[in-house]
Visitor: 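Can you keep this structure in mind? I'll have questions shortly.
It should be emphasised that the depicted structure is a prediction, and the values quoted were computed from it without experimental measurement. Numbers restart at 1 for each chain; the letters A, B, ... are given by sequence-line order, proteins then strands.
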Amino acid sequence: MIKIYNTQTRNKVDFEAIDRGKVGMYVCGPTVYNYIHIGNARTFISFDIIRRYLTWRGFKVTFVQNVTDVDDKIIKKAHEENRSAAEVAAEYTEAFIADMRAAGVLDPDIRPKATEEIPEMIDLVSQLIEGGHAYEVEGDVYFAVRSFPEYGKLSGRKIDEMESGHRDLRASGLEDRKRDPLDFAVWKAAKPGEPSWESPWGAGRPGWHIECSAMSRKYLGLPFDIHGGGADLVFPHHENEVAQSEAACGCTFANYWIHGGMLQINSEKMSKSLGNFLLLRDVLETTQPEVLRMLMLQTHYRSPLDFSDERLVESEAALSRLANTVKNLEWLENNAADIPSSLDIRALIEQTQTARNEFIVVMDDDFNTAGALGVVFAFVGEVNAALADKTLSLSDVPAVYQVRSVLVELMGVFGISLEGDQAEAEYPREVVALANELAGYPGANEAQAVAMLLDCREQARKNKEWALADKVRDGLAALDLVIEDTPQGPRI
RNA sequence: GGCGACGUGGCCAAGCGGUAAGGCAGGGGCCUGCAAAGCCCUCACCCCCAGUUCGAAUCUGGGCGUCGCCUCCA
């Protein structure tokens, strides 16, 4: 049974899907007025992993993520750059999709754009007005917070306390138009030069919160299973979504609310105003997406995560530990004929199954990726210990395959691919010349050249010709090919 | 001011009542011609003080500290 920490109830609860075996999931996407930053990426990668895990556990997941492509910030940016809001939105929508793919985040099943769902939003606003939950003032429509007694239930606030404790509710100048200072816009009358759509209240555009209410309702129906987003969206965005959606339909909006913790840089909040934010695309410029994921996996998705170059380096080292073991296993499979067989691998198989089961237990507990990673690494340690024992060798190729495939499978759930067996294609051309020089024959192709070089070195070592042996090793190293002498033989 | 989260080894981090996973870094050893990779061993008074309990990192109260939300924010 999968347990999920539900923001609304503030505790971990058993996950029960509305439709057995299916999960409807909505995660708030970005407002496309800039390239997404590393904090956005943290949230989206977290939900990518949750989605992958649920899928792996057998659920048919319908994953919906919107793009907010009409909004104050987009309009502002457009004005600054003297072009249309649509242009700005289109550019950054495209960039967002590209960045997500570069980060290894799976495409959502449905990616609605706010500007393409306006009729649904107008419908929803109309419903709210009819139901007495919203009112129009000169082309603006506001949600009446007082009409929804449960307002505040998601974020754990009480209306009265909010009003008395609020800093400067009357500062914006618009407050006199509202019946209550806490009321928020669900439809905004168009101002000159702004994108707008016709509506019963005149030309205007939707408020931010109504967009997600309308899109999630349209594509998933109400109620749906999981609504996610960054923790900073709990209030007011998600609170308002709940109010709108539930006031309109009279039913529950989403059963489980999942919120991802914030990413910080050097223990400081990353924000535009502080100017310390990193763009995802800039990070990916110098960092493998798997390394970034590895870093994020090591912290629980709800905890704050401190991002730093040091952690990136650590994560890379950790990842290569896993990759190395997989590479060794792969090599063993491909060279099984040369391996003296005496290993009773049953223990390893048992450990493999145990590790896989344990992985599930840990992940079922609110997607504890850090704990699950611990399981994987502990298992890798066991595998390495077996491989390091020279009295053992791997006689049972299917068993080795099983060990490796489980390793690959489990990390695959995290979106990290450990299969790098395009080695043949990756050998640089220079190895041919090197083989010709050192082994006296270029070989038929790169792979053969490498094989000859390894063989040449082994011969040299046998004859204690260390100079030649090291020449081969250094020559390969210069081409970024590192020889590893395993107990079962050398490999690249 | 209101609401909330967190404080575990040098760094990161899991843990949710039975005497501390894992990663990175460090020390010692093994393997190796030397390396690399790997293996073995080693490195924690769980922020402080009280309390509950046979037993607490884990529960309760208090203190100190860090951070987040309350305004656009993933």
Visitor: What nucleotide among B:C11, B:A74, B:A14 has an atom nearest to a side-chain atom of A:D232?
Guide: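 Within the option list, the nearest is B:A74.
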Visitor: Pick base, sugar-phosphate or nothing for A:G260, based on heavy-atom distances below 4.0 Å to the nucleic acid.
Guide: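 The residue A:G260 makes no contact with any strand.
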Visitor: Does B:A14 have OP1 or OP2 sitting under 4.0 Å from an N or O in the side chain of A:S303?
Guide: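 Result: yes.
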Visitor: Take atom C1' in B:C59 and the same atom in B:A21, then report the distance between them in whole Å.
Guide: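 B:C59 and B:A21 have their C1' atoms separated by 23 Å.
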Visitor: Below 4.0 angstrom from OP1 or OP2 of B:G15, is there any side-chain N or O of A:N368?
Guide: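 It does, given that an N or O in the side chain of A:N368 lies less than 4.0 Å from OP1 or OP2 of B:G15.
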Visitor: A:R321 side chain N/O closer than 4.0 Å to the phosphate oxygens (OP1, OP2) of B:C39?
Guide: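 Yes, A:R321 has a side-chain N/O under 4.0 Å of OP1/OP2 on B:C39.
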Visitor: Report the base-pairing partner of B:C43 (Watson-Crick or G-U wobble, both distances below 3.5 angstrom), or none.
Guide: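 By the stated definition (distances under 3.5 Å), nothing pairs with B:C43.
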Visitor: Tell me which residues in residues 99-108 of chain A put a heavy atom below 4.0 Å from RNA chain B, sorted by number, or none.
Guide: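 Heavy-atom cutoff 4.0 Å gives no residues at all.
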Visitor: Side chain of A:F377 only, heavy atoms from C-beta on: which candidate in B:C40, B:A74, B:G23 is closest?
Guide: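 The closest nucleotide is B:G23.
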Visitor: Please figure out whether A:H300 or A:H209 has its closest RNA chain B nucleotide nearer the 5' end.
Guide: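 Looking at RNA chain B, the more 5' nearest nucleotide goes with A:H300.
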Visitor: Just N and O in the side chain of A:R311: are any of them under 4.0 Å from OP1 or OP2 of B:C24?
Guide: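 Negative; the distance criterion is not met.
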Visitor: To the side chain of A:R157, which of B:C69, B:G38, B:A37 is closest?
Guide: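 My answer, after comparing the listed nucleotides, is B:C69.
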Visitor: Return the nucleotide paired to B:G38: Watson-Crick means purine N1 to pyrimidine N3 with N6-O4 or O6-N4, wobble means G-U with N1-O2 and O6-N3, both under 3.5 Å.
Guide: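 Matched B:G38 with B:C30 under the 3.5 Å cut-off.
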Visitor: Ignoring the backbone of A:F235, work out which of B:C69, B:A37, B:A74 is nearest its side chain.
Guide: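 Selected nucleotide: B:C69.
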Visitor: What's the closest nucleotide to the side chain of A:D485 if the choices are B:G68, B:C24, B:A35?
Guide: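 It is B:A35.
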Visitor: For B:C54 and B:C47, measure between their C1' atoms and round to the nearest Å.
Guide: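 Per the computed distance, 27 Å lies between those C1' atoms.
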Visitor: Counting side-chain heavy atoms from CB outward, which of B:G22, B:C34, B:A74 is closest to A:T31?
Guide: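 The closest nucleotide is B:A74.
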Visitor: B:A36, B:C39, B:G22: which one has an atom nearest the side-chain heavy atoms of A:A378?
Guide: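 Selected nucleotide (nearest to the side chain): B:G22.
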Visitor: Where the side chain of A:V482 is defined as all heavy atoms beyond and including C-beta, which of B:A36, B:G33, B:G23 is the nearest nucleotide?
Guide: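 My answer, after comparing the listed nucleotides, is B:A36.
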Visitor: Check every atom of B:A74, B:A13, B:C34 against the side chain of A:T299 and return the nucleotide holding the closest atom.
Guide: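 Nearest to the side-chain atoms of A:T299, counting from C-beta on, is B:A13.
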Visitor: Under 3.5 Å for both donor-acceptor distances, Watson-Crick or wobble: does B:A5 have a partner, and if so which one?
Guide: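 Looking at the geometry, B:A5 pairs with B:U66.
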Visitor: How far does the C1' atom of B:U42 sit from the matching atom of B:C49, given to the nearest Å?
Guide: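 Here B:U42 and B:C49 have their C1' atoms 33 Å from each other.
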Visitor: Once you round it to whole Å, what is the distance between P of B:C34 and CG of A:D470?
Guide: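 Rounding to the nearest Å, CG of A:D470 and P of B:C34 are 11 Å apart.
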Visitor: Is the A:F15-A:Y256 ring centre distance short of 6.0 angstrom?
Guide: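 Yes.
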Visitor: Just wondering, do A:Q65 and A:Y26 contact through their side chains at under 4.5 Å, heavy atoms?
Guide: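 Of all side-chain heavy-atom pairs linking A:Q65 with A:Y26, none is under 4.5 Å.
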Visitor: Cation-pi check for A:Y33 against A:K73: NZ or CZ below 6.0 Å from the six-membered ring centre and within 45 degrees of the axis, yes or no?
Guide: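 The answer is yes, since A:K73 meets both limits relative to A:Y33.
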Visitor: Across all strands shown, which nucleotide pairs with B:U53 by Watson-Crick or G-U wobble geometry, both distances under 3.5 Å?
Guide: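 No nucleotide pairs with B:U53.
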Visitor: A:I36 near the nucleic acid: base, sugar-phosphate alone, or nothing, with a heavy-atom cut-off under 4.0 Å?
Guide: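 The residue A:I36 makes no contact with any strand.
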Visitor: Which sits closer to the 5' end of RNA chain B, A:V362 or A:S155, going by the nucleotide each is nearest to?
Guide: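 Comparing both residues, the 5'-ward one is A:S155.
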Visitor: Students often get this wrong, so: under 4.0 angstrom with heavy atoms, is A:A318 touching a base, only sugar-phosphate, or nothing?
Guide: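 It contacts sugar-phosphate atoms only.
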Visitor: Would you mind pulling out the nucleotide paired to B:U58, Watson-Crick or G-U wobble, both distances under 3.5 Å?
Guide: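 With both distances under 3.5 Å required, B:U58 matches none.
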Visitor: Below 4.5 Å, heavy atoms only, C-beta onward: do A:Y142 and A:R179 meet side chain to side chain?
Guide: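 No, their side chains stay 4.5 Å or more apart.
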Visitor: Examine the base of B:C34 for any acceptor or donor lying under 3.5 Å from a partner atom in the side chain of A:R473, and report the outcome as yes or no.
Guide: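 When only heavy-atom distances are counted, A:R473 does reach the base of B:C34 through a donor-acceptor pair under 3.5 Å.
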Visitor: When the C1' atoms of B:U32 and B:U66 are compared, how many Å lie between them, rounded to an integer?
Guide: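 The answer is 48 Å between these two C1' atoms.
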Visitor: Under the 3.5 Å rule, do the base of B:G38 and the side chain of A:N328 count as making a donor-acceptor pair?
Guide: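 For A:N328, whose side chain was compared with the base of B:G38, there is no donor-acceptor pair (under 3.5 Å).
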Visitor: Write down the distance separating the P atoms in B:G61 and B:C69, rounded off to the nearest Å.
Guide: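 Their P atoms lie roughly 26 Å apart.
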Visitor: Quick check: any donor-acceptor pair below 3.5 Å linking the side-chain of A:Q298 to the base of B:G23?
Guide: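 No such pair is found, so the answer is no.
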Visitor: Go through B:A74, B:G23, B:G33 for me and flag the one nearest to the A:H37 side chain.
Guide: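 Nearest nucleotide to the side chain: B:A74.
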Visitor: So, A:F253 versus A:F224, ring centres under 6.0 angstrom or not?
Guide: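 Close enough - the centres of the two rings lie under 6.0 Å apart.
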Visitor: Which nucleotide, in any strand shown, forms a Watson-Crick or G-U wobble pair with B:C24, with both distances under 3.5 Å?
Guide: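 By the stated definition (distances under 3.5 Å), B:G10 pairs with B:C24.
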Visitor: Rounding to an integer number of Å, can you tell me how far A:L295 CG sits from B:C12 C1'?
Guide: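 Distance, rounded to whole Å: 9 Å.
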Visitor: Going by the angle between their ring planes, with limits at 30° and 60°, are A:H259 and A:H238 parallel, tilted or perpendicular?
Guide: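 Aromatic pair A:H259/A:H238 classed tilted.
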Visitor: Hey, do the aromatic rings of A:H209 and A:F184 have their centres closer than 6.0 Å?
Guide: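 Yes; A:F184 has its ring centre under 6.0 Å from that of A:H209.
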Visitor: Does the side-chain ring of A:W466 sit on the six-membered ring of the B:G33 base, less than 5.5 Å centre to centre and under 30° in tilt?
Guide: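 So yes, this residue stacks on that base, both cut-offs being met.
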Visitor: Return the pairing partner of B:C16 with a 3.5 Å limit on both distances, Watson-Crick or G-U wobble; otherwise return none.
Guide: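 B:C16 is paired with nothing.
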Visitor: Is the distance between the ring centroids of A:F367 and A:F47 under 6.0 Å?
Guide: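 Ring centroids of A:F367 and A:F47 are no less than 6.0 Å from each other.
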Visitor: Scan for side-chain hydrogen bond (donor to acceptor under 3.5 Å, both in side chains) pairs involving residues 367-378 of chain A, sequence neighbours excluded, and state none if there are none.
Guide: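 For residues 367-378 of chain A, and leaving out neighbouring residues, there are no side-chain hydrogen bond (donor to acceptor under 3.5 Å, both in side chains) pairs at all.
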Visitor: Pair A:D364, A:R57 - check side chain to side chain contact (heavy atoms under 4.5 Å, CB included), show working.
Guide: CA-CA 9 Å; A:D364 272 2; A:R57 290 286 273 124; 2.7 Å; yes
